[in-house]
Number of protein chains: 2
Amino acid sequence: MSNPATTPLTHIVDDDEAIRDALSWLFRTRNVAARAWASAEDFLAAWQPDWQGCIVLDIRMREMSGLECFDALLERGNTLPVIFLTGHGDVPMAVGALKKGAFDFLEKPVDDNALVDVVIRALATNARHQANQETQATVATRLAQLTPREHEVMQLVLAGKFNKVIADELNISMRTVEVHRSRVFEKMGVRSAVELAQLLSPRD
Amino acid sequence: MSNPATTPLTHIVDDDEAIRDALSWLFRTRNVAARAWASAEDFLAAWQPDWQGCIVLDIRMREMSGLECFDALLERGNTLPVIFLTGHGDVPMAVGALKKGAFDFLEKPVDDNALVDVVIRALATNARHQANQETQATVATRLAQLTPREHEVMQLVLAGKFNKVIADELNISMRTVEVHRSRVFEKMGVRSAVELAQLLSPRD
DNA sequence: TTCCACACTGCGGTTATCCACAATTGAGGG
DNA sequence: CCCTCAATTGTGGATAACCGCAGTGTGGAA
């Protein structure tokens with residue numbers, strides 16, 4: 001049994017066993033690791049925030065619908081790309097799902113190649129997102145290690161101020177500024193203010 | 001006549017005069033500056049890349065359809081947010097438009113308040129995009145003023161390297177590095193490598 | 001030929017940054 | 001009481017960055 005936290009899986013969520021089997025088979029023939037779920041409830045009960053991969057989610061299911069499942073996932077902070085499949089979609093439903101962040105919205109019957117293409121793109125998107133999350137987590141961990149004073153000095157360093165100016169503003173000696181500055185660089189794993197600025201540059 | 005390059009306008013493109021009039025009136029009552037066009041061709045003939053505002057675009061029109069107009073706008077590098085209106089949309093059409101970057105996709109009859117809300121959000125999005133474009137244009141202009149050698153030195157400065165190391169790598173004197181470095185800061189309008197790094201930090 | 005832009009360099013002097021070594025004080029926890 | 005951590009500071013010495021002043025050489029355009 002693959003571990004969804006480290007091996008990206010395409011999760012097929014559909015109450016129709018024939019569809020689940022067909023999609024499982026399709027993905028297997030395309031070397032896409034997949035796992036099938038017979039209901040949205042089953043999937044949600046198992047879902048973990050650190051899973052990697054993507055979700056192929058049928059809209060119309062017996063108990064909980066795909067859209068309800070999607071809303072629940074969003075509430076839990078899901079970041080897996082969600083591809084909706086539906087036999088009877090309408091425009092507001094599709095538009096609403098996409099604007100809530102759904103990755104795609106496809107109508108059945110769906111072309112095998114088209115679906116696999118979408119899944120592969122979704123997996124790539126998830127991989128990029130994961131890499132970005134890890135970087136941000138590392139930065140956040142390092143920032144959390146700074147003492148309040150170090151953090152304060154760091155902001156002024158990032159504002160491009162001289163040590164002498166920082167010392168004046170904080171009413172401390174230049175030597176103290178140097179100590180804090182040096183410790184900031186050490187804790188943030190950088191060697192210069194340029195590297196620090198680049199590490200902490202705002203990203204959309 | 002307002003100048004669309006500087007005054008944000010909501011462009012109503014619909015071959016149905018009654019709709020145009022109704023929407024013009026609606027926007028006027030909500031203090032949203034608008035301009036109506038009887039055909040996609042008319043709008044496209046007038047369109048300029050520096051216009052500000054947004055576009056409310058009907059899909060089904062006599063000659064050129066809204067979707068064709070949208071494709072033409074994309075080819076021309078349009079950045080105005082596009083809100084589609086349709087009386088008979090289907091899911092693939094809606095999904096396709098949104099994935100090509102349409103701002104929204106609404107079905108007629110559309111609720112006045114809902115439409116105005118969407119338009120106001122689109123206008124805000126356009127304003128943010130415009131501000132970002134201006135910043136990027138300023139940076140690009142400044143970068144274009146650098147000599148090739150200055151640009152080369154700048155890259156090494158941004159890599160956090162000492163002047164001495166840069167001099168070694170480029171086989172020039174340290175004084176020359178200092179000269180280039182100083183001129184880079186001057187032309188880029190910054191006072192330190194930190195500011196330069198922040199000005200040029202990658203953005204998605 | 002002259003002028004200009006670009007690239008380059010040396011000298012001397014100043015300011016900024018960095019840090020080893022050493023030390024003190026205060027707060028909090030075991 | 002002892003220990004750890006955070007904040008602070010001084011001394012002395014070294015390296016890095018900055019720049020005025022002065023100058024040279026090359027290539028291209030007028």
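Proteins come first, then strands; the chains are lettered A, B, ... in the order of their sequence lines, and each starts at number 1. Everything numeric in this text was worked out from a predicted model, so none of it was measured. As a basis for the values below, the full set of heavy atoms in this structure was taken, side chains included, without hydrogen atoms, waters or symmetry mates.
- A:W47 and A:H11 have their aromatic ring centers separated by at least 6.0 angstrom.
- Between A:E169 and A:K161 there is a salt bridge, with a side-chain nitrogen of the basic residue lying less than 4.0 Å from a carboxylate oxygen of the acidic one.
- Contact annotation: the side chain of B:C54 never approaches that of B:L80 to less than 4.5 Å [non-hydrogen atoms, C-beta and beyond].
- In the set C:dA7, D:dG10, D:dA7, the nucleotide with an atom closest to the side chain of A:R149 is D:dA7.
- Along DNA chain D, the nucleotide closest to A:K187 and the one closest to A:V177 are compared, and the more 5′ of them pairs with A:K187.
- The phosphate of D:dA7 (OP1 or OP2) has a side-chain N or O of A:T147 nearer than 4.0 angstrom.
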Worked verdict on A:L156 versus A:V177 for side chain to side chain contact (heavy atoms under 4.5 Å, CB included): CA-CA 10 Å; A:L156 298 173; A:V177 173; over 6 Å; no
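- A:T176 comes within 4.0 angstrom of a nucleotide base, judged by non-hydrogen atoms across all strands.
- Contact check, A:H180 against D:dA6: no side-chain N or O comes under 4.0 Å of OP1 or OP2.
- With contacts defined as side-chain heavy-atom distances shorter than 4.5 Å, the pair A:Q130/A:T125 does not qualify.
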Using a 4.0 Å heavy-atom cut-off, write out nucleotides 24-30 of chain C from 5' to 3' as B (base contacted by protein), S (sugar-phosphate only) or - (no contact). -------
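- One interatomic measurement links the two molecules: CG of B:L170 to P of C:dC6, which rounds to 18 Å at whole-angstrom precision.
- One interatomic measurement links the two molecules: CD of A:E150 to C1' of D:dT8, which rounds to 13 Å at whole-angstrom precision.
- Surrounding NZ of A:K108 are more than 12 heavy atoms belonging to other residues, nucleotides or ligands, all under 6.0 Å away.
- For A:H151 and D:dA7, the NE2 to P distance is 13 Å, given to the nearest whole Å.
- In summary, B:E152 and B:R149 engage in a salt bridge, as defined by a charged side-chain N under 4.0 Å from a carboxylate O.
- Using a 3.5 Å distance cut-off with no hydrogens or angles, the side chains of A:R30 and A:N113 do pair a donor with an acceptor.
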Sequence-aligned protein contact record of nucleotides 16-30 of chain D, with B where the base is within under 4.0 Å of a protein heavy atom and S where only the sugar-phosphate is: SSBBBB---------
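- Two rings, from B:F70 and B:F84, have their centers less than 6.0 Å apart.
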